[in-house]
Novice: 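Structure below; questions to follow.
Throughout, protein chains are lettered first and strands after them, A, B, ... in sequence-line order, and every chain is numbered starting at 1.
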2 protein chains.
Amino acid sequence: MKSKSTSELKATIHKVEEICKSNKLGLTEIRRQVFEIIIKNNKPVKAYEILDKISNINNKPSHPPTVYRAIDFLIENGFVHKLNSINSFVGCFHPKAHKECYFLICKKCNIYQECCDDSLKDRISKTAIHNNFVISNTTLEIEGHCLDCSQK
Amino acid sequence: MKSKSTSELKATIHKVEEICKSNKLGLTEIRRQVFEIIIKNNKPVKAYEILDKISNINNKPSHPPTVYRAIDFLIENGFVHKLNSINSFVGCFHPKAHKECYFLICKKCNIYQECCDDSLKDRISKTAIHNNFVISNTTLEIEGHCLDCSQK
DNA sequence: ATAATTTATGTTATGTTATAACATTACAAT
DNA sequence: ATTGTAATGTTATAACATAACATAAATTAT
Ligand SMILES: [Zn+2]
Ligand SMILES: [Zn+2]
Ligand SMILES: [Zn+2]
Ligand SMILES: [Zn+2]
């Protein structure tokens, strides 16, 4: 993620809080911690990295299910996304704006960008219709090199 | 994969043999076995399923590295694809036609279809260009329900 | 031919990612 | 008080993948 400003970050966290409040979703301490670890990182985060960080924050060892449960909650509600191609998790900066996001992932510096434009979404939708297929979720992950890294 | 005819299957296997021959790629016994297991299955196959089948075929236990090496070879040369969203492998029915394939995967019956049309490819390419991004590989996996399964 | 090199496979162990299963806690509803 | 429900804790293990090193088979150079 091309580094987000502090205000964008705060706004996103606030939006998630609002969504949870108005939908009576329990944004518990652990879920909040996991969300903040993910959203504050400008690179995709791995589950066991989160596990380490959570353990440090709380000064006691956490266990995989704790982290994976929090991740599940966050994904279910559209606050984070999983990047299947690299088994990592990223925060969503427009939660609930749409169900899925598409990503560009730089193999060199590991930075990612969302790229969920409508024309792309439409094209995928048309492809599905053309194949008589009803979409429930889409994984689109484009790996390669970002501008900076391709110039070096 | 909407079940391929025997002739299509034979043709694809033959094409892979030809490509290997003309490019001096060693299509060894194990590699061929793994390829045939994957291509003959109309559903995505998991690495450890392949491991079991290989062990049975050869009447002696095989080990994970053997299978993963064969898979690596087949992917590198475009004969099979990995579906990252379900950690499974599928055969390619038009090897070398293009570097990547896009997929529709039915969550219910597990059958998959390739859907690598040019308009979709173009759209992805344009999205990358628009973001100053140089693509090296693309994962597009659309999960949902096929016609049959959505009618039930 | 044979030695050197390269390519592929065998084998053991381990690393990494993710979930099953069951116990406990906290808090709300009856 | 009792029951229900949602979340978390805990232990163990399943599922997916690779590192590291040994051996064998095929190529190539001498
Ligand atoms: Zn998003
Ligand atoms: Zn980069
Ligand atoms: Zn293909
Ligand atoms: Zn189906």
Novice: Please report, rounded to the nearest Å, how far the P atom of dT6(C) is from the CG atom of Leu25(B).
Specialist: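 About 18 Å, once rounded to whole Å.
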
Novice: Over how many whole Å does the gap from Gln33(B) atom CD to dA8(C) atom P extend?
Specialist: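 Checked: the CD to P distance equals 16 Å.
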
Novice: Which salt bridge (Lys or Arg N to Asp or Glu O under 4.0 Å) pairs, counting each pair once, include a residue from residues 17-27 of chain B, with sequence neighbours left out?
Specialist: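 Sorted pair list: Glu17(B)-Arg32(B).
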
Novice: Tell me whether the side-chain N/O atoms of Tyr68(B) come closer than 4.0 Å to OP1 or OP2 in dA17(D).
Specialist: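 Yes, Tyr68(B) has a side-chain N/O under 4.0 Å of OP1/OP2 on dA17(D).
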
Novice: Kindly write out the residues that satisfy side-chain hydrogen bond (donor to acceptor under 3.5 Å, both in side chains) with Ser85(B), not counting sequence neighbours, or none if the list is empty.
Specialist: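 With neighbours one apart ignored, the set is Glu141(B).
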
Novice: Using a strict heavy-atom distance below 4.0 Å, which residues from residues 45-54 of chain A are in contact with DNA chain D?
Specialist: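 Residues of residues 45-54 of chain A that come under 4.0 Å of DNA chain D do not exist, since none gets that close.
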
Novice: Applying side chain to side chain donor-acceptor pair (under 3.5 Å), run through Glu29(B) and Asn58(B) and close with a yes or a no.
Specialist: CA-CA 11 Å; Glu29(B) 187 55 24; Asn58(B) 299 316; over 6 Å; no

Novice: Which atom pairs link the protein and nucleotides 9-12 of chain D when you take only N or O atoms and keep those under 3.5 Å?
Specialist:
unit_1, atom_1, unit_2, atom_2, d
dG9(D), N7, Arg69(A), NH1, 2.9
dG9(D), O6, Arg69(A), NH2, 2.5

Novice: Considering only dA7(D), dT19(C), dA8(C), which nucleotide approaches the side chain of Arg31(B) most closely?
Specialist: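 Within the option list, the nearest is dA8(C).
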
Novice: Show your reasoning for whether side chain to side chain contact (heavy atoms under 4.5 Å, CB included) applies to Asn41(A) and Lys53(A).
Specialist: CA-CA 12 Å; Asn41(A) 208 313; Lys53(A) 292 187 186 200; 3.7 Å; yes

Novice: Roughly how far apart are Asn77(A) CG and Arg31(A) CZ, rounded to 0.5 Å?
Specialist: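 Interatomic distance, Asn77(A) CG to Arg31(A) CZ, rounded to 0.5 Å: 8.0 Å.
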
Novice: Arg32(B) CZ to dT9(C) P: how many Å, rounded?
Specialist: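 After rounding, the reported distance stands at 13 Å.
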
Novice: Is Lys24(B) close enough to dT28(D) that one of its side-chain N or O atoms is under 4.0 Å from OP1 or OP2 there?
Specialist: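 Lys24(B) to dT28(D) OP1/OP2: no side-chain N or O under 4.0 Å.
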
Novice: Could I get the full list of salt bridge (charged side-chain N to carboxylate O under 4.0 Å, His left out) partners for Lys96(B), not counting sequence neighbours?
Specialist: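 Counting only residues at least two positions away or on another chain, Lys96(B) forms no salt bridge (charged side-chain N to carboxylate O under 4.0 Å, His left out).
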
Novice: Look up atom CG in Leu104(A) and atom CD1 in Ile111(A), then write down how far apart they are to the nearest 0.5 Å.
Specialist: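 CD1 of Ile111(A) is found 12.5 Å from CG of Leu104(A).
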
Novice: Check the distance between dA14(D)'s P and Asn87(B)'s CG and give it to me in whole angstrom.
Specialist: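 Answer to the nearest Å: 18 Å.
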
Novice: Whole-Å distance between dA17(D) P and Leu83(B) CG?
Specialist: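 Rounding to the nearest Å, CG of Leu83(B) and P of dA17(D) are 12 Å apart.
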
Novice: Phosphate oxygens OP1/OP2 of dT8(D): is one of them under 4.0 Å from a side-chain N or O of Thr28(A)?
Specialist: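 Yes.
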
Novice: Testing the basics here: between Pro95(B) and Lys15(B), what is the closest heavy-atom pair and its distance to 0.1 Å?
Specialist: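 In this case the closest contact between Pro95(B) and Lys15(B) is O-NZ, 3.7 Å.
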
Novice: Check the surroundings of atom NE2 in His130(A): do more than 12 heavy atoms from other residues, nucleotides or ligands lie under 6.0 Å from it?
Specialist: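 Counting neighbours around NE2 of His130(A), 12 or fewer heavy atoms of other residues, nucleotides or ligands fall under 6.0 Å, so no.
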
Novice: For the residue pair Glu114(A) / His81(A), report whether a side-chain donor-acceptor contact shorter than 3.5 Å exists.
Specialist: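 Side chains of His81(A) and Glu114(A): no pair found under 3.5 Å.
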
Novice: Can you find a pair of side-chain heavy atoms, one from Cys116(A) and one from Glu100(A), that are under 4.5 Å apart?
Specialist: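 Heavy-atom side-chain distance check fails, nothing below 4.5 Å.
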
Novice: Within this structure, what is the CG-to-P distance between Asp72(A) and dT19(C), rounded to whole angstrom?
Specialist: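 It works out to 7 Å between those atoms.
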
Novice: Between Phe73(B) (CZ) and dT6(C) (C1'), how many Å, whole number?
Specialist: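 Result: 16 Å.
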
Novice: Check nucleotides 23-25 of chain D for protein N or O atoms closer than 3.5 Å to its own N or O atoms and list the pairs.
Specialist:
none

